[in-house]
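Beneath this line is the structure, given in structure tokens, with notes to follow.
What you see below is based on every heavy atom in this structure, not just the backbone, and it leaves out hydrogens, waters and symmetry mates.
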Amino acid sequence: MRRLVVGVTGATGSLYAIRLLQALRDVPDVETHLVVSAAGVLNIKHELDMTRAQVQALADQVYSVRDVGAALASGAFPTAGMVIVPCSIRTLAAVAHGLSDNLITRAADVTLKERRRLVMMVREAPYNLAHLRNMTAVTEMGGIIFPPLPAFYFRPGSIQEMVDQSIVRVLELFGIHVPGPTWEGAR
């Protein structure tokens, strides 16, 4: 069983988190470990009209963002890595500067120190110099910055198809294959 940590923060784009968790429900050898920040809960309610309980029901294990003593806070807890989706600029900055002040940022720090894959789906535009420097710092530490940008080459017919295309690509970074739109080359 592969464990994937999923952090959800207060940036816009909570649909990406929900679709990722839904896609992983159909992958039998992946166990999801979910942490949602308080602002993440607010955004999910605002953007999708979902409750905390509805989101938590999509994960295999759920942790409080305040529980810095949880298993996820230790490198001895083996995981395949972590996705922060969506990733706020505040969370990006905390990870870039090693500020492990909640379970999301601590789990990200552990992921990096253990040389596991960390993917941060940063949601902000435009970027200022501090944002870009923080992205560079995380990249230099081994993290992957993956802004969820829509692809149009497969001619999506809905927002969900655009979201799913990003989720398919993110999960491929972990060697997790889920059905969805992908580039098959020019014909």
Side-chain angles (χ1 to χ4, degrees), residues 2-24 27 29-37 40 43 59 65 72-73 75 77-154 162-183:
R2 295 178 286 174
R3 297 173 175 148
L4 186 65
V5 179
V6 179
V8 180
T9 69
T12 188
S14 55
L15 181 57
Y16 289 99
I18 300 306
R19 293 298 298 149
L20 181 129
L21 290 166
Q22 289 170 337
L24 290 172
V27 182
D29 68 328
V30 174
E31 183 179 270
T32 54
H33 292 257
L34 177 66
V35 186
V36 183
S37 72
N43 261 13
V65 72
L72 304 180
F77 185 76
T79 70
M82 179 176 188
V83 179
I84 304 177
V85 52
C87 181
S88 67
I89 290 298
R90 184 249 177 252
T91 301
L92 169 68
V95 172
H97 295 278
L99 305 177
S100 299
D101 58 345
N102 64 48
L103 187 55
I104 293 173
T105 56
R106 175 60 187 161
D109 185 61
V110 167
T111 300
L112 290 171
K113 83 177 184 67
E114 296 295 328
R115 306 300 190 260
R116 298 175 185 149
R117 180 141 294 171
L118 173 65
V119 177
M120 301 176 79
M121 295 183 76
V122 177
R123 277 289 304 123
E124 184 65 61
Y127 299 127
N128 70 34
L129 186 56
H131 304 155
L132 295 169
R133 286 185 174 154
N134 288 335
M135 288 182 206
T136 299
V138 168
T139 301
E140 289 172 341
M141 288 186 269
I144 297 172
I145 304 300
F146 191 113
L149 302 172
F152 298 102
Y153 50 74
F154 68 93
M162 288 188 285
V163 169
D164 287 352
Q165 188 270 341
S166 290
I167 295 308
V168 167
R169 290 197 58 223
V170 164
L171 292 175
E172 287 288 334
L173 293 171
F174 294 92
I176 299 170
H177 310 290
V178 296
T182 58
W183 174 248

Residues Leu72, Met82; criterion side chain to side chain contact (heavy atoms under 4.5 Å, CB included); working and verdict
CA-CA 10 Å; Leu72 304 180; Met82 179 176 188; over 6 Å; no
Quick one: do Asp29 and Val27 satisfy side chain to side chain contact (heavy atoms under 4.5 Å, CB included)? Show the steps, please.
CA-CA 6 Å; Asp29 68 328; Val27 182; 3.3 Å; yes
Side chain to side chain contact (heavy atoms under 4.5 Å, CB included), that's the test. Do Leu118 and Ile84 meet it? Break it down for me.
CA-CA 8 Å; Leu118 173 65; Ile84 304 177; 4.2 Å; yes
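For Arg90, the side-chain contact (heavy atoms from CB on, under 4.5 Å) partners are Ser88, Ala94, Asp101, Asn102, Thr105, not counting sequence neighbours. Partners of Thr79 by side-chain contact (heavy atoms from CB on, under 4.5 Å), not counting sequence neighbours, listed by chain and number: Arg3, Val5, Phe77, Arg116.
The distance from atom CG of Asn134 to atom OG1 of Thr91, rounded to the nearest 0.5 Å, is 11.5 Å. To the nearest 0.5 Å, the span separating CZ on Phe146 from CZ on Arg169 amounts to 4.5 Å. For the atom pair Leu92 CG and Arg133 CZ, the distance stands at 13.5 Å (nearest 0.5 Å).
Of all heavy-atom pairs between Phe152 and Met162, the closest is CE2-SD, 3.7 Å. Looking at every heavy atom in both residues, Arg2 comes nearest to Ala80 through CB-CB, 4.4 Å. Of all heavy-atom pairs spanning Met141 and Val95, the tightest one is CE-O, 3.7 Å. Here the closest non-hydrogen pair linking Val122 and Pro148 is O-CD, 3.4 Å. Between Gly81 and Phe174, the shortest heavy-atom contact is CA-CE2, 3.9 Å. Closest heavy-atom contact between Met121 and Val85: SD-CG2, 3.5 Å.
Remark: side-chain polar atoms of Thr32 are not paired, donor with acceptor, to backbone N or O of Leu4 under 3.5 angstrom. In this structure a side-chain-to-backbone donor-acceptor pair under 3.5 Å is missing from Arg19 to Asp164. A donor-acceptor contact shorter than 3.5 Å links the side chain of Arg106 to the backbone of Ala73. With hydrogens and angles disregarded, a donor-acceptor distance shorter than 3.5 Å links the side chain of Asn43 to the backbone of Gly10.
Side-chain atoms of Ser37 and Val8, non-hydrogen and from C-beta on, never get closer than 4.5 Å to each other. Between Leu171 and Leu173, every side-chain heavy-atom pair lies at or beyond the 4.5 Å cut-off.
Between Val168 and the choices Val178, Leu20, Val163, Ile176, the side-chain contact (heavy atoms from CB on, under 4.5 Å) rule is met once, by Val178.
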